[in-house]
Enquirer: 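Dropping a structure here in structure tokens format, bear with me for questions.
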Amino acid sequence: TADHVEQDDLYRLLVADVQALDGGAPLHIARHFELQLLAVSGYELQVDGCAICGERLDPEDTLLSPESGGLVCRSCRGSAGAGLWSVSAR
């Protein structure tokens, strides 16, 4: 983004999550903030289907591919690049 441009969505997100923490929300609210920050910034991870082929994901056998921008299915692992992380889609 350009310097000195208002980011209303980001500000509201920050205020809401700080208020949630102040109200006793669990500390993993920080992960919520980080994921939403990525989305507001235009870098949202693909998590509702394979980031490469778009197919539905098997919750038992899912890998995160930062290079591909999200979760990848078993069939696409070979083309997902290096640095795959095992995650549960549950």
Side-chain angles (χ1 to χ4, degrees):
T1 61
D3 290 340
H4 307 291
V5 174
E6 292 182 12
Q7 298 288 323
D8 293 332
D9 290 344
L10 181 56
Y11 179 76
R12 284 192 294 274
L13 172 64
L14 177 62
V15 169
D17 283 0
V18 167
Q19 287 175 339
L21 285 169
D22 191 44
L27 292 178
H28 67 262
I29 194 80
R31 301 298 78 81
H32 173 263
F33 176 80
E34 292 165 349
L35 290 171
Q36 294 304 312
L37 174 61
L38 287 171
V40 167
S41 301
Y43 295 99
E44 185 171 18
L45 292 175
Q46 175 71 30
V47 294
D48 55 349
C50 177
I52 296 174
C53 70
E55 291 294 318
R56 184 176 177 89
L57 295 167
D58 177 6
E60 301 299 323
D61 195 28
T62 304
L63 296 177
L64 173 64
S65 170
E67 187 175 311
S68 299
L71 302 177
V72 293
C73 68
R74 180 186 298 234
S75 300
C76 293
R77 286 180 183 178
S79 58
L84 297 175
W85 299 341
S86 180
V87 296
S88 174
R90 284 191 225 184

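Atoms considered below: every heavy atom in the structure, side chains included; atoms not considered: hydrogens, waters and symmetry mates. Residue indices begin at 1 and follow the sequence shown.
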Enquirer: For residues Leu64 and Gly70, report the shortest heavy-atom separation together with the two atoms involved.
Expert: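 Here Leu64 and Gly70 meet closest at CD1-O, 3.5 Å.
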Enquirer: First locate atom CG of Leu38, then atom OH of Tyr43, and finally report the distance between them rounded to the nearest 0.5 Å.
Expert: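 Interatomic distance, Leu38 CG to Tyr43 OH, rounded to 0.5 Å: 9.5 Å.
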Enquirer: Could you pull out all donor-acceptor pairs under 3.5 Å where a side-chain atom in residues 12-26 meets a protein atom, sequence neighbours excluded?
Expert:
unit_1, atom_1, unit_2, atom_2, d
Arg12, NH2, Asp9, OD1, 2.6
Asp17, OD1, His32, ND1, 3.3
Asp17, OD2, His32, ND1, 3.0
Asp17, OD2, Phe33, N, 3.4

Enquirer: Any salt bridge (charged side-chain N to carboxylate O under 4.0 Å, His left out) involving residues 31-51? Give me the pairs, sequence neighbours left out, ordered by first then second residue.
Expert: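 Non-adjacent pairs meeting salt bridge (charged side-chain N to carboxylate O under 4.0 Å, His left out): Arg31-Glu34.
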Enquirer: What distance separates Ser41 OG from Gln36 CD, expressed to the nearest 0.5 Å?
Expert: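 Reported value, rounded in 0.5 Å steps: 10.5 Å.
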Enquirer: Answer with yes or no whether the hydrophobic clustering places Leu27 together with Ile29; edges join I, L, V, M, F, W, Y residues whose side-chain heavy atoms lie under 4.5 Å apart.
Expert: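 Hydrophobic grouping puts Leu27 with Ile29.
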Enquirer: Of all heavy-atom pairs between Ala80 and Leu84, which one has the smallest distance, and what is that distance?
Expert: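 Distance-wise, the nearest heavy atoms are CB-CD2, 3.7 Å.
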Enquirer: Should Ile52 and Leu71 be regarded as members of a common hydrophobic cluster, given that ILVMFWY residues are connected when their side-chain heavy atoms come within less than 4.5 Å of each other, either directly or indirectly?
Expert: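 Result: no, two separate clusters.
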Enquirer: Any side-chain hydrogen bond (donor to acceptor under 3.5 Å, both in side chains) involving residues 65-74? Give me the pairs, sequence neighbours left out, ordered by first then second residue.
Expert: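 Of all non-adjacent pairs touching residues 65-74, those that pass side-chain hydrogen bond (donor to acceptor under 3.5 Å, both in side chains) are Asp61-Arg74, Ser65-Ser68.
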Enquirer: Run the numbers on Glu55 and Leu57 for side-chain contact (heavy atoms from CB on, under 4.5 Å), then give the verdict.
Expert: CA-CA 6 Å; Glu55 291 294 318; Leu57 295 167; over 6 Å; no
Enquirer: Mind checking side-chain contact (heavy atoms from CB on, under 4.5 Å) for Ser75 and listing every partner two or more places apart, or none if nothing turns up?
Expert: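 side-chain contact (heavy atoms from CB on, under 4.5 Å) list for Ser75, sorted by chain: Cys73.
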